[in-house]
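For reference, the structure is listed below as structure tokens.
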Amino acid sequence: MGWSGKAGVPCTDDPRMWDLDQGGVDEWATAVAICRGCPRLGACLGELAALEEPPVGAIWAGIPFSKRGEPMTLSTGGQLRIRREQAAA
């Protein structure tokens, strides 16, 4: 039994886990891990690229986004941090 469309996909079954205004670091880390293992990840990444505005305060395609729509990382210490692109040397 596979996932067809978005029906039965964990982020639509329980969207609270993907909302950065709810839960905490453990739930967010679980949500990111679920996204990265989801067979729909490629489709979500495509949808993300097609958005006119970035997601706000949510995890989309395994990427947490701040309330300003900035991509973030979940650090080892359990803190969300704004992703900074590495400057070319």
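Atom CG of Leu45 and atom CG of Leu41 lie 4.5 Å apart (nearest 0.5 Å). Of the inter-residue distances, the one linking Asp14 atom CG with Asp19 atom CG reads 10.5 Å to the nearest 0.5 angstrom.
The same ILVMFWY cluster, assembled from side-chain heavy atoms under 4.5 Å apart, contains both Trp18 and Val25. Hydrophobic clustering (ILVMFWY, side-chain heavy atoms < 4.5 Å, transitive): Leu51 and Phe65 are in one cluster.
Checking side-chain atoms of Trp60 against main-chain N and O of Cys44 turns up a donor-acceptor pair under 3.5 Å.
The two atoms that bring Val32 and Gly62 nearest to each other are CG1-O, 3.5 Å, heavy atoms only. Minimum interatomic distance between Val9 and Arg40 (heavy atoms only, all atoms of both residues): CG2-CD, 4.0 Å. Contact between Met17 and Ile59 at its shortest, heavy atoms only, is O-CD1, 4.2 Å.
Annotation: side chain of Lys67 is not in contact with side chain of Leu20 (no heavy-atom distance under 4.5 Å).
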